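Before any comments, here is the structure.
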Amino acid sequence: QVQLMESGGGLVQPGGSLRLSCTASGNFVVMNIMGWYRQVPGKGRELVARMPREGRITYVESVEGRFTISGDNDKNTVYLQMNSLKPEDTAVYYCYMNLYGWQTGSKDYWGQGTQVTVSS
């Protein structure tokens with residue numbers, strides 16, 4: 001069974017930085033897509049950054065130039081470096097991966113969510 005474990009959220013002042021991490025554990029062979037979503041109360045989940053195994057990395061326009069997604073395949077980990085944080089970045093951030101396993105095929109997995117609060 002595959003699990004995603006997130007870490008790195010917290011409270012930061014406007015203009016500050018945080019780095020989120022998400023590590024996958026369990027039985028899989030290929031990380032097809034890694035990404036990060038966020039959600040605020042009363043709204044749907046929003047794609048923040050997406051990194052396919054092949055293809056272009058994409059970001060939601062509001063974080064372009066401030067956030068950077070990266071991955072470490074040896075550690076089965078995806079990161080989200082968030083700089084120049086703004087109060088409107090406050091949300092619960094969810095890690096997302098599409099992973100391929102011999103028995104499961106390609107399947108979507110989600111982290112448990114980590115709260116990011118940007119406030120003075």
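Predicted, not measured: the structure shown is a model, and the values here were computed from it.
- Residue Gln3 qualifies as open at atom CD: its count of foreign heavy atoms under 6.0 Å is 12 or below.
- Looking at every heavy atom in both residues, Gly9 comes nearest to Val116 through CA-CG2, 4.2 Å.
- In this structure, the side chains of Asn76 and Ser25 stay at 4.5 Å or more apart for every pair of heavy atoms.
- For CD of Glu64, the number of neighbouring non-hydrogen atoms (other residues, nucleotides, ligands) closer than 6.0 Å is greater than 12.
- In Glu88, the CD atom is crowded: over 12 heavy atoms of neighbouring residues, nucleotides or ligands sit closer than 6.0 Å.
- By the criterion of side-chain heavy atoms lying less than 4.5 angstrom apart, applied directly or through intervening Ile, Leu, Val, Met, Phe, Trp or Tyr residues, Val48 is not grouped with Val92; the two fall into different hydrophobic clusters.
- A donor and an acceptor atom, one from each side chain of Ser17 and Asn83, are located under 3.5 Å apart.
- With rounding to the nearest 0.5 angstrom, the OG atom of Ser84 is 9.0 Å from the CZ atom of Phe67.
- Arg50 is listed as a side-chain neighbour of Ile33, based on a closest heavy-atom distance under 4.5 Å.
- The heavy-atom pair separating Ser119 from Pro14 by the smallest distance is C-CD, 3.6 Å.
- For the residue pair Thr23/Thr77, the side-chain donor-acceptor check at 3.5 Å is satisfied.
- Remark: Ser21 OG to Met5 CE distance equals 12.5 Å, nearest 0.5 Å.
- The hydrophobic clustering, which links ILVMFWY residues whose side-chain heavy atoms are closer than 4.5 Å, places Val118 and Leu80 together.
- Annotation for Leu99 and Ala24: closest pair CD1-CB, 4.3 Å, computed over non-hydrogen atoms.
- Between Cys22 and Met97 there is a side-chain heavy-atom pair separated by less than 4.5 Å.
- Contact of the Leu20 side chain with the Met82 side chain is registered, since non-hydrogen atoms from C-beta on lie closer than 4.5 Å.
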- Could you go step by step and tell me if Trp102 and Val30 meet the side chain to side chain contact (heavy atoms under 4.5 Å, CB included) rule? CA-CA 10 Å; Trp102 295 121; Val30 178; over 6 Å; no
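- Considering Trp110, Tyr94, Tyr93 in turn, Trp110 is the only one that fulfils the ring-ring contact (aromatic ring centres under 6.0 Å, His included) rule with Tyr37.
- A distance of 12.5 Å separates OH in Tyr96 from CE in Met51, rounded to the nearest 0.5 Å.
- Taken from CD1 in Ile57 to OG1 in Thr68, the straight-line distance is 8.5 Å, to the nearest 0.5 Å.
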- Query: Can Thr114 and Ser7 be said to form a side chain to side chain contact (heavy atoms under 4.5 Å, CB included), step by step?
  - Reply: CA-CA 7 Å; Thr114 186; Ser7 63; over 6 Å; no
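- The closest side-chain heavy-atom distance from Val63 to Glu46 is not below 4.5 Å.
- The CD atom of Glu6 sits 11.5 Å away from atom CD of Gln115, with the distance rounded to the nearest 0.5 Å.
- Side-chain contact between Ile69 and Val78 is present, with at least one heavy-atom pair separated by less than 4.5 Å.
- Put simply, the side chain of Arg66 reaches to within 4.5 Å of the side chain of Asp89, judged on heavy atoms.
- The local environment of CG in Asp72 is crowded, with over 12 non-hydrogen atoms from other residues, nucleotides or ligands closer than 6.0 Å.
- Between the OH atom of Tyr59 and the CG atom of Leu47 there is a distance of 11.0 Å, given to the nearest 0.5 Å.
- Hydrophobic clustering places Leu18 together with Val60 (ILVMFWY residues linked when any side-chain heavy atoms are closer than 4.5 Å, directly or through intermediates).
- The shortest distance between side-chain heavy atoms of Leu4 and Gln112 does not fall below 4.5 Å.
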